[in-house]
Amino acid sequence: MDVPLTQAIRLIYPRLTVLVTSIDSVGRTNAAPYSWCCPISFKPPMLILGIQAKETRTIKNIKQTKEFVVNVVTKDWVQKAIKCEAKNLDDKFAEFGLETTKCSKVQAPCIKEAKIVLECKLSEIMQPQGADHYIVVGEVVTAKKDDGLKDSEIVMHIGGGKFVLPGEEMNLERGKK
Ligand SMILES: Cc1cc2nc3c(=O)[nH]c(=O)nc-3n(C[C@H](O)[C@H](O)[C@H](O)COP(=O)(O)O)c2cc1C
């Protein structure tokens, strides 16, 4: 069945759900959920976010302070994370009951509940010709993982308000090098 091209990108799912925390040049912090988050380099460790090419608080903060934090969302705090999509709220952390902690190498806060945290310094912001999203490239400068994390807790975004948790695990033989 052909899918209209307006829906093509929605066929790339499920995607990791992350809460990106950031800070502006006068110290105001922010959080917003993202699911266009993709690794692009092991050495140095780098990832990209696809962020709509509009002046969202996240992109403004990243442009100002050149850093951000990727907090991987797990089942226990997913509803709070998703509510952070709300716009024009001064303090989404207080509004939705999220606790923050200090990061190691960036000024932006980390989410206390997050079991995987990737602190990033901005490498560059690109916009492919004609694209409606920026590619925000971050170099991971600190990575943390809670030892107790179960893979099945990690929330994946299907689209809209639909999410899924990883189900059956498979261990497959890979192609020999
Ligand atoms: C689950 C989920 C995933 C999202 N993923 C993205 C994404 O990958 N890219 C994007 O530009 N917006 C995404 N959004 C929308 C942003 O969260 C939204 O634009 C938000 O209002 C930005 O907030 P800010 O202005 O505080 O930065 C997503 C929203 C939800 C709920």
Side-chain angles (χ1 to χ4, degrees), residues 5-40 46-100 103 106-111 113-138 140 152-166:
L5 289 180
T6 50
Q7 299 302 307
I9 292 305
R10 298 187 194 282
L11 300 180
I12 300 171
Y13 75 90
R15 302 173 300 269
L16 187 65
T17 311
V18 302
L19 189 68
V20 173
T21 43
S22 58
I23 190 166
D24 71 9
S25 53
V26 292
R28 288 175 300 207
T29 56
N30 189 51
Y34 288 89
S35 62
W36 291 14
C37 176
C38 183
I40 50 149
M46 293 174 121
L47 56 82
I48 52 172
L49 297 173
I51 301 188
Q52 54 183 310
K54 284 188 188 158
E55 287 300 281
T56 59
R57 268 181 78 188
T58 299
I59 201 73
K60 279 193 219 162
N61 288 359
I62 295 173
K63 282 178 179 170
Q64 283 178 24
T65 55
K66 310 212 172 333
E67 53 166 64
F68 60 92
V69 182
V70 170
N71 302 270
V72 174
V73 177
T74 44
K75 192 183 174 188
D76 48 332
W77 60 283
V78 60
Q79 184 61 80
K80 295 177 186 177
I82 300 314
K83 290 241 168 120
C84 290
E85 182 180 24
K87 289 182 184 30
N88 306 321
L89 280 177
D90 283 345
D91 187 352
K92 296 189 196 176
F93 304 99
E95 185 75 29
F96 302 123
L98 282 167
E99 282 191 58
T100 59
C103 280
V106 301
Q107 295 302 311
C110 299
I111 299 296
E113 290 90 337
K115 293 178 183 158
I116 294 179
V117 174
L118 300 169
E119 297 178 23
C120 299
K121 298 264 190 198
L122 178 67
S123 168
E124 58 183 301
I125 298 177
M126 297 179 273
Q127 187 175 12
Q129 204 173 2
D132 55 13
H133 279 58
Y134 294 124
I135 300 173
V136 176
V137 187
V140 180
S152 57
E153 296 175 76
I154 295 174
V155 177
M156 308 298 291
H157 188 203
I158 293 182
K162 213 164 155 191
F163 296 82
V164 67
L165 293 169

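Counting starts at 1 for both ligands and their atoms, in listed order.
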Can you confirm, on distance only, whether ligand 1 has an N/O atom lying under 3.5 Å from any N/O atom belonging to Ala32?
no
Heavy-atom contacts with Ile51 under 4.0 Å: which atoms of ligand 1 show up? List them by number with element.
11 (O)
Which ligand 1 atoms, with their elements, are less than 4.0 angstrom from a heavy-atom of Lys87?
19 (O), 21 (O)
Could you measure the distance from the OG1 atom of Thr29 to the CG atom of Asp91? Nearest 0.5 Å is fine.
6.0 Å
Trp36: numbered ligand 1 atoms lying under 4.0 Å from its heavy atoms
8 (O)
Please could you name the atoms of ligand 1 that Asn30 approaches to less than 4.0 Å, counting only its heavy atoms?
24 (P), 26 (O), 27 (O)
With rounding to the nearest 0.5 Å, note down the distance linking CG in Leu122 to OG in Ser22.
11.5 Å
Give the single entry among His157, Met156, Lys92 that approaches atom 3 (C) of ligand 1 most closely by any heavy atom.
His157
Among Leu49, Val106, Ile23, Thr21, which one satisfies side chain to side chain contact (heavy atoms under 4.5 Å, CB included) with Phe68?
Leu49
Looking only at heavy atoms, what is the nearest atom pair of Leu89 and Lys92, with distance?
CB-CG, 4.0 Å
Measure across Gly159 and Arg15 and return the closest heavy-atom pair with its distance rounded to 0.1 Å.
CA-NH2, 4.4 Å
Under 4.0 Å from a heavy atom of His133: give me the atoms of ligand 1 that qualify, with their elements.
11 (O)
Walk me through it: do Glu99 and Lys80 pass the test salt bridge (Lys or Arg N to Asp or Glu O under 4.0 Å)?
CA-CA 11 Å; Glu99 282 191 58; Lys80 295 177 186 177; over 6 Å; no
Does Glu85, backbone or side chain, put an N or O under 3.5 Å from an N or O of ligand 1?
yes
Give me the nearest non-hydrogen protein atom to atom 19 (O) of ligand 1 as residue plus atom name, then the distance to 0.1 Å.
Gln52 NE2, 2.9 Å
Considering Tyr34, Tyr134, Phe163 one by one, which has a heavy atom nearer to atom 12 (N) of ligand 1 than any of the others?
Tyr34
Would you indicate whether Leu11, at its atom CG, is surrounded by more than 12 heavy atoms from other residues, nucleotides or ligands within a distance under 6.0 Å?
yes
Ala108 versus Glu67, closest heavy-atom pair with distance:
N-OE2, 2.8 Å
Ligand-residue contact atoms, ligand 1 with Thr56, heavy atoms, under 4.0 Å:
25 (O), 27 (O)
Could you tell me whether a side-chain N or O of Lys60 sits under 3.5 Å from a main-chain N or O of Asp24, the two making a donor and an acceptor?
no
The closest protein heavy-atom partner of atom 9 (N) of ligand 1 is Gly50 O, 2.8 Å
At under 4.0 Å between heavy atoms, is it the side chain or the backbone of Arg57 that contacts ligand 1, or both, or neither?
both
For residues Tyr13 and His157, report the shortest heavy-atom separation together with the two atoms involved.
CB-O, 4.2 Å
What is the closest protein heavy atom to atom 4 (C) of ligand 1, and at what distance does it sit?
Pro33 O, 3.4 Å
Before you tell me yes or no, could you show the steps for Thr74 and Glu153 under side-chain hydrogen bond (donor to acceptor under 3.5 Å, both in side chains), namely the whole-Å CA-CA distance, both residues' side-chain angles and the distance that decides it to 0.1 Å?
CA-CA 5 Å; Thr74 44; Glu153 296 175 76; 4.7 Å; no
For ligand 1, which part of Thr58 has a heavy atom less than 4.0 Å away: the side chain, the backbone, both, or neither?
both
Before signing off on this row, confirm whether Ala31 and ligand 1 have an N or O atom pair separated by under 3.5 Å.
no
Considering only non-hydrogen protein atoms, determine which one is nearest to atom 5 (N) of ligand 1 and report residue, atom name and distance to 0.1 Å.
Ser35 N, 3.0 Å
